[in-house]
Amino acid sequence: MTDAWKPRKVVIVGAGAVGATFAYALAQSGLPDEIVLRDANHELAMGQVLDLADGQAFFPSVQIREGQVTDYADAHLIVITAGAKQRPGESRLGLLQRNAKIIQSIMDEIVRQNSSAVVLVVSNPVDILTYVAQKRSGWPRGQVIGSGTVLDSARFRYLLSRHCGVDAHNVHAYILGEHGDSELAAWSMTNLAGLPVEQYCAACGKCDDWRASHAKIVEAVRDSAYHIIDYKGATNFAVGLALVRIAAAVLRNQHSVLTVSAVLEGEYGLSGVGLGVPCIVSQKGIERVLEAHLPPDEQSALSKSATVLRDAIASLESSA
Ligand SMILES: NC(=O)c1ccc[n+]([C@@H]2O[C@H](COP(=O)([O-])OP(=O)(O)OC[C@H]3O[C@@H](n4cnc5c(N)ncnc54)[C@H](O)[C@@H]3O)[C@@H](O)[C@H]2O)c1
């Protein structure tokens, strides 16, 4: 007798700009059989569902509907993009406290449903909220992951590819650490078609000072979200695609190397903190954290990034 067929189901919690754009890209990917949207704003969720479902004739078959907490029970992947917006005069810590409460209550609902899904946290500050979600669930750390620096790494690859005049698919490069100001470029792990970036740039001769160009690229990666938010108020397209990439690794058991946010347990000499490091991502979530031997300057930048995040976690815990 064969096992009963189970639809590949993705539940998206938070149907705002990021959740809806992810749903739109995911529907076109053909990866899931079912996409379920949930939002505290029921009318928003219904509107997004109806709008997306009208596209059924143009993308691979997939059921799209609004969901209930019971939908967590048999989901393969639950993606949390729910979040509060900063109120006038509200501090960063105040916003963090409110978002931590939202994530904790969503995790409680997921756990109560005895779900065995992989949970992917996207809401910001993503590394801290991934840590909060993982601790609250009591689940193995690989099952609760954050989108980490997957988007930042894609921005890095794109900017390097444009600078060097090489297809982004041939650029292997990672941004590590916080998804935010303290993130760092792992130049020691960067290569173009297998050639270490320094070797490639030294031989290329296209720019006068490639070291200065590298510094500018890292700055552009770090500031990218600020510029987009200044122009249009939110970022949604590239992050939606980054989430499809992570979803593919989980739903298709791809064992892809992605810089998701992982709660570290001694890797890189760090623990008690979640941050973006290269991980093998499969149907179980994080199957393995890849521990690269970073040179001292990169290791020190990663440790500093962890300290920034640990301090924020400590202020959150002391204010609870
Ligand atoms: N990690 C990344 O790379 C990345 C990139 C872009 C945005 N983000 C983050 O993603 C989050 C969402 O951004 P957005 O632009 O879609 O915001 P948004 O305001 O458009 O959407 C957030 C949605 O969450 C809903 N919500 C709030 N509390 C909820 C709850 N308890 N249960 C269910 N739904 C709830 C709101 O009703 C709203 O529709 C933000 O925290 C943003 O900073 C992360």
Exercise. Do L192 and C164 have side chains that get closer than 4.5 Å, going by heavy atoms?
Worked result: yes
Problem set entry | Heavy-atom side-chain contact between V118 and Q283 under 4.5 Å | no
Exercise. Considering residues, nucleotides and ligands other than Y158, do more than 12 of their heavy atoms fall under 6.0 Å from its OH?
Worked result: no
Exercise. Are the side chains of V239 and T21 in touch, meaning some heavy atoms are under 4.5 Å apart?
Worked result: no
Problem set entry | Where R157 and V171 come nearest, the two heavy atoms and their spacing | NE-O, 2.8 Å
For this session: Taking the side chain as every heavy atom from C-beta outward, state whether V277 and T259 have any pair of such atoms under 4.5 Å apart.
Result: no
Exercise. Between E267 and R141, does at least one N-O distance fall below 4.0 Å, as a salt bridge requires?
Worked result: yes
Could you tabulate the donor-acceptor pairs under 3.5 Å formed by side-chain atoms of residues 7-18, not counting sequence neighbours?
residue : atom : partner : partner atom : Å
R8      : NE   : L31     : O            : 3.2
R8      : NH1  : L251    : O            : 3.4
K9      : NZ   : D71     : O            : 3.3
K9      : NZ   : D71     : OD1          : 2.8
K9      : NZ   : D74     : OD1          : 2.6

For this session: Spell out, yes or no, whether V257 and I175 are grouped together once hydrophobic residues are joined by side-chain heavy atoms under 4.5 Å, including indirect joins.
Result: no
Exercise. Is the closest side-chain heavy-atom distance between L316 and Y131 below 4.5 Å?
Worked result: no
Exercise. Below 4.5 Å, heavy atoms only, C-beta onward: do E178 and K304 meet side chain to side chain?
Worked result: no
Exercise. Any ring-ring contact (aromatic ring centres under 6.0 Å, His included) pairs touching residues 183-208, not counting sequence neighbours?
Worked result: F156-W187, W187-H214
